[in-house]
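A quick write-up on the structure given underneath.
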Number of protein chains: 2
Amino acid sequence: MAKVTQQDIAKVLGVSVMTVSNAFNRPDQLSADLRERVLERAAKMGYTGPDAVARQLRSGRTNTFAVVFEERLSYAFSDPFSVAWLAAFSEVMERKRASITLLSVPAADVDALVAIQDAAVDGVAGLCGDQPAMARARERGLPTVYCTRTSEPGSEQAGDYVVIDDYAAGFEVGQYLRRLGHQRVFLLAGAAYAGQPPMKEYHRGDLDTSDHLRISGVLEGLGGAEVTIIPMGTNSSTAGRAAGVAVLDRRDRPTAVIAVSDVMALGFMDACRQRGLEPGRDISVVGFDDLPESAAGGLTTIHQPVRDKGRLAAELLLDPQRPDRRIVLPHELIVRSSTHPVA
Amino acid sequence: MAKVTQQDIAKVLGVSVMTVSNAFNRPDQLSADLRERVLERAAKMGYTGPDAVARQLRSGRTNTFAVVFEERLSYAFSDPFSVAWLAAFSEVMERKRASITLLSVPAADVDALVAIQDAAVDGVAGLCGDQPAMARARERGLPTVYCTRTSEPGSEQAGDYVVIDDYAAGFEVGQYLRRLGHQRVFLLAGAAYAGQPPMKEYHRGDLDTSDHLRISGVLEGLGGAEVTIIPMGTNSSTAGRAAGVAVLDRRDRPTAVIAVSDVMALGFMDACRQRGLEPGRDISVVGFDDLPESAAGGLTTIHQPVRDKGRLAAELLLDPQRPDRRIVLPHELIVRSSTHPVA
DNA sequence: CCGCGTCTCTTTAACGATACAGACGGTCGA
DNA sequence: TCGACCGTCTGTATCGTTAAAGAGACGCGG
């Protein structure tokens with residue numbers, strides 16, 4: 001059987017198509033009696049209600065928003081930071097009866113950009129930075145919001161954002177460790193830098209801007225301390241554990257280690273304990289993000305308001321009139337037991 | 001500026017609209033030269049590529065699939081079982097360049113069913129059972145796949161599914177504990193039963209079918225043992241911990257506790273340890289699902305192939321021709337250290 | 001020189017709905 | 001009694017695209 005349309009119903013009942021449409025969407029536009037007849041007839045004919053796509057085309061709105069990820073979607077569900085953001089984002093969307101489309105657009109995969117092209121959405125958000133997918137979305141005329149600082153602050157930004165001041169956060173971490181007397185610090189750097197050796201001199205390479213800002217801030221805050229940067233291929237607790245191997249068995253073991261994210265820092269702490277080293281006594285460890293598990297693990301870290309990021313991103317998309325569309329949220333250094341002064 | 005359409009470009013170039021469309025979608029249908037001109041002109045005029053919605057309407061496919069949840073979306077991201085399923089599901093979708101729309105349709109909220117109506121998707125899947133949202137989707141003519149047994153096995157099922165035999169799984173658990181000599185067993189039951197007192201006699205109430213089947217199986221497998229059912233309002237580790245209070249301080253403390261899910265069982269084990277009771281020595285604990293963390297925690301449980309569930313659900317949606325659309329996957333009792341014979 | 005296939009491009013007709021501007025009869029105040 | 005207004009319903013024009021079939025030109029083999 002072919003699909004039943006409003007037109008079919010109209011023809012059978014001898015009314016106009018518009019009346020059928022109104023029966024479904026605007027009850028006040030026709031008599032209760034006729035409306036009743038239309039609905040009844042529609043049910044009898046097996047009409048399944050207005051077609052979502054047709055309605056979207058005509059009305060120009062989809063009531064759906066895309067969330068883009070730079071990684072595979074399974075990463076989005078496994079990274080605690082990403083999950084927390086997504087939860088906050090979805091709570092707002094849910095309340096407004098809007099739905100969410102998940103889009104995976106790996107930076108490496110140019111073809112994946114068509115996913116942005118083909119997405120029937122009213123806007124695009126991402127926990128990521130202002131990646132090509134965002135730019136593509138803006139070219140399509142869609143509002144975008146990203147949540148990780150990508151360009152240098154002050155430089156001209158194209159889309160809306162909700163970020164923190166990663167440089168200042170890094171600076172606070174560096175300064176804090178310097179005050180504790182740390183002179184030899186290792187820095188576990190994020191997802192770029194595949195397979196490179198440790199560096200004594202910082203060069204940015206392909207690093208994400210937010211990581212770059214954190215690192216620059218840390219270096220500045222540390223002043224003249226001796227810093228070695230360990231490039232990790234990926235941002236995960238596995239990478240953090242692997243870093244244990246690269247760092248803990250060295251003769252010139254650092255007195256403090258900073259990871260650009262908590263997942264890495266927590267993995268690194270695992271590695272420490274496996275070797276009988278207690279973070280906060282034998283070595284200091286600092287992270288960024290402040291995940292729920294970081295509190296339990298006693299990790300000193302930069303708290304970042306991830307739920308606010310998610311919530312505000314959703315609100316910006318839902319309300320295009322809202323002023324203040326470029327938001328820098330406050331962060332905070334949370335000192336816990338994983339750091340200690342140098343003896 | 002108003003939106004630029006293929007029609008506008010066609011008019012300017014003096015070609016037909018179809019030619020413009022073909023320039024974007026079917027390069028072999030026009031000369032390379034003309035195609036070049038069209039694309040160039042389009043770019044110059046600020047054309048953003050074919051409109052996703054219009055294309056969907058015309059072609060009748062959206063290349064998007066909905067995932068429905070009975071709970072708030074934030075639950076979907078926080079429950080490990082749900083996350084694992086989603087990851088597997090999304091991997092398949094991603095590979096086929098299809099996208100995923102998340103829909104929250106709480107059973108309580110009747111209005112939320114319109115979300116199904118308004119979703120522009122080619123099919124609907126869910127980790128949940130065959131809830132009203134699924135039925136609604138089928139009324140719309142959409143294929144559906146659910147992954148938690150809802151109707152009794154053998155009864156007529158309307159939609160496709162990928163499930164396990166929850167009754168048999170429960171039976172194995174019961175039988176196993178009986179062999180270990182357990183005579184007094186408490187059963188932590190799932191998300192229905194809000195605020196009810198423990199029961200000596202099992203009555204099903206509003207329980208999900210899969211939980212019902214598990215419990216029936218357990219009871220059968222346990223034979224004549226004394227069983228008390230503790231209704232938990234929700235399925236979470238918090239609920240499991242709360243159960244500790246309800247169970248561990250009683251005079252007639254059971255020798256074994258079965259939870260209908262691992263999250264609850266793990267929470268309960270926490271509560272045990274907080275009271276100085278070691279699971280597998282002082283009390284036996286069994287769960288269902290076999291989460292990654294269950295292995296680490298030493299929890300005896302029923303392994304259920306959650307990734308296969310997700311993967312197959314996606315494959316069924318993507319390939320409507322595939323035979324065998326009602327799948328019962330194997331499960332397995334995994335014995336770990338949380339269970340022991342009665343002294 | 002004719003017929004036929006090929007390459008390009010055009011024409012026509014949807015896809016299924018809603019916005020917008022009437023039309024028509026009846027009521028009501030002046 | 002007249003015009004304004006209201007409640008109902010209709011007709012038409014899109015929304016932006018693509019499917020399907022057709023039309024003209026050109027080359028090529030017979």
Side-chain angles (χ1 to χ4, degrees), chain A residues 1-39 41-42 45-63 114 117-122 140-142, chain B residues 1-39 41-42 45-63 114 117-122 140-142:
Chain A
M1 66 180 185
K3 186 167 185 175
V4 181
T5 71
Q6 294 187 350
Q7 189 153 254
D8 301 328
I9 302 171
K11 206 174 300 171
V12 169
L13 279 173
V15 299
S16 79
V17 198
M18 212 40 234
T19 298
V20 178
S21 173
N22 283 332
F24 284 94
N25 304 309
R26 307 168 57 172
D28 56 316
Q29 293 296 303
L30 38 56
S31 64
D33 174 51
L34 176 55
R35 179 174 135 93
E36 195 57 42
R37 272 192 1 253
V38 171
L39 295 185
R41 192 82 228 168
M45 293 176 66
Y47 179 65
T48 58
D51 180 87
V53 177
R55 186 206 288 253
Q56 285 176 8
L57 175 61
R58 185 62 248 229
S59 66
R61 291 179 357 99
T62 66
N63 207 30
V114 305
Q117 185 67 247
D118 290 345
V121 297
D122 294 338
R140 268 189 60 186
L142 295 173
Chain B
M1 63 173 192
K3 186 167 182 175
V4 181
T5 70
Q6 294 185 350
Q7 187 151 239
D8 301 329
I9 303 171
K11 208 174 298 171
V12 169
L13 280 172
V15 300
S16 76
V17 197
M18 208 46 229
T19 299
V20 178
S21 174
N22 283 332
F24 284 94
N25 304 310
R26 306 168 57 173
D28 57 313
Q29 293 297 303
L30 39 58
S31 64
D33 174 51
L34 176 56
R35 177 175 137 95
E36 196 57 40
R37 271 191 3 252
V38 171
L39 295 184
R41 191 84 227 166
M45 293 176 66
Y47 179 65
T48 56
D51 179 88
V53 177
R55 186 207 290 253
Q56 286 176 7
L57 174 60
R58 182 61 245 229
S59 66
R61 293 179 356 99
T62 66
N63 207 30
V114 304
Q117 185 67 247
D118 289 345
V121 297
D122 294 340
R140 268 189 61 188
L142 296 173

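Reminder, nothing fancy here: chain letters follow the sequence lines and each chain counts from 1.
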Point to revise | Side chain B:Asp118, main chain A:Ala52, donor-acceptor under 3.5 Å | key: no
Check your understanding: At their closest point, which heavy atom of A:Val38 faces which heavy atom of A:Ala23, and how far apart are they?
Key -> CG1-CB, 3.7 Å
**Study point:** Distance, rounded to the nearest Å, where B:Arg61 contributes CZ and D:dT17 contributes P
**Key:** 18 Å
Exercise for review: Answer yes or no: is there a side-chain heavy-atom contact under 4.5 Å between B:Asn25 and B:Ser21?
Suggested key: yes
Point to revise | Whole-Å distance separating the CZ atom of A:Arg140 from the P atom of D:dG16 | key: 13 Å
Practice item. With heavy atoms under 4.0 Å as the rule, sort A:Arg26 into base, sugar-phosphate or nothing. Key: sugar-phosphate
**Study point:** B:Lys3 NZ to D:dC15 P, straight-line distance once rounded to whole Å
**Key:** 11 Å
Check your understanding: What's the CG-P distance between A:Leu34 and D:dT10, to the nearest Å?
Key -> 7 Å
Check your understanding: Between B:Phe24 (CZ) and D:dG16 (C1'), how many Å, whole number?
Key -> 13 Å
Review point. Under the 3.5 angstrom rule, does the side chain of A:Asp122 hit a backbone N or O of A:Arg61 as a donor-acceptor pair?
Key: no
Point to revise | For atom CG of B:Asp28 and atom C1' of C:dT6, their distance in whole Å | key: 13 Å
Review point. Heavy-atom contacts under 4.0 Å between residues 47-59 of chain B and DNA chain D, which residues?
Key: B:Tyr47, B:Gly49, B:Pro50, B:Asp51, B:Ala54, B:Arg55, B:Arg58
Point to revise | Those residues of residues 4-20 of chain B lying under 4.0 Å from DNA chain D by at least one heavy atom | key: B:Thr5, B:Gln6, B:Met18
Revision key, fill the gap. Closest heavy-atom pair, A:Thr62 versus B:Val53, reported as atoms and distance to 0.1 Å, is CG2-CG2, 4.0 Å
Exercise for review: Using a strict cut-off of less than 4.0 Å between a Lys/Arg side-chain nitrogen and an Asp/Glu carboxylate oxygen, indicate whether A:Arg55 and A:Asp51 qualify as a salt bridge.
Suggested key: no
Exercise for review: Run through A:Thr5, A:Val4, A:Ile9 and flag the one making a side chain to side chain contact (heavy atoms under 4.5 Å, CB included) with A:Gln7.
Suggested key: A:Thr5
Exercise for review: Look at the side chain of B:Arg140 and the backbone N and O of B:Gln117, then say whether any donor-acceptor pair between them is shorter than 3.5 Å.
Suggested key: yes
Check your understanding: Which heavy atom in A:Met45 sits nearest to a heavy atom in A:Val12, and how many Å separate them?
Key -> CE-CG2, 3.8 Å
Review point. Which part of the nucleic acid does A:Asn22 contact within heavy-atom distance under 4.0 Å: base, sugar-phosphate only, or nothing?
Key: nothing
Practice item. Find the distance B:Gln29:CD to D:dA20:C1' and express it as a whole number of Å. Key: 11 Å
Exercise for review: Measure from the side chain of B:Leu30, starting at C-beta and using heavy atoms only, and say which of D:dT8, C:dT18, C:dC9 lies closest.
Suggested key: C:dC9
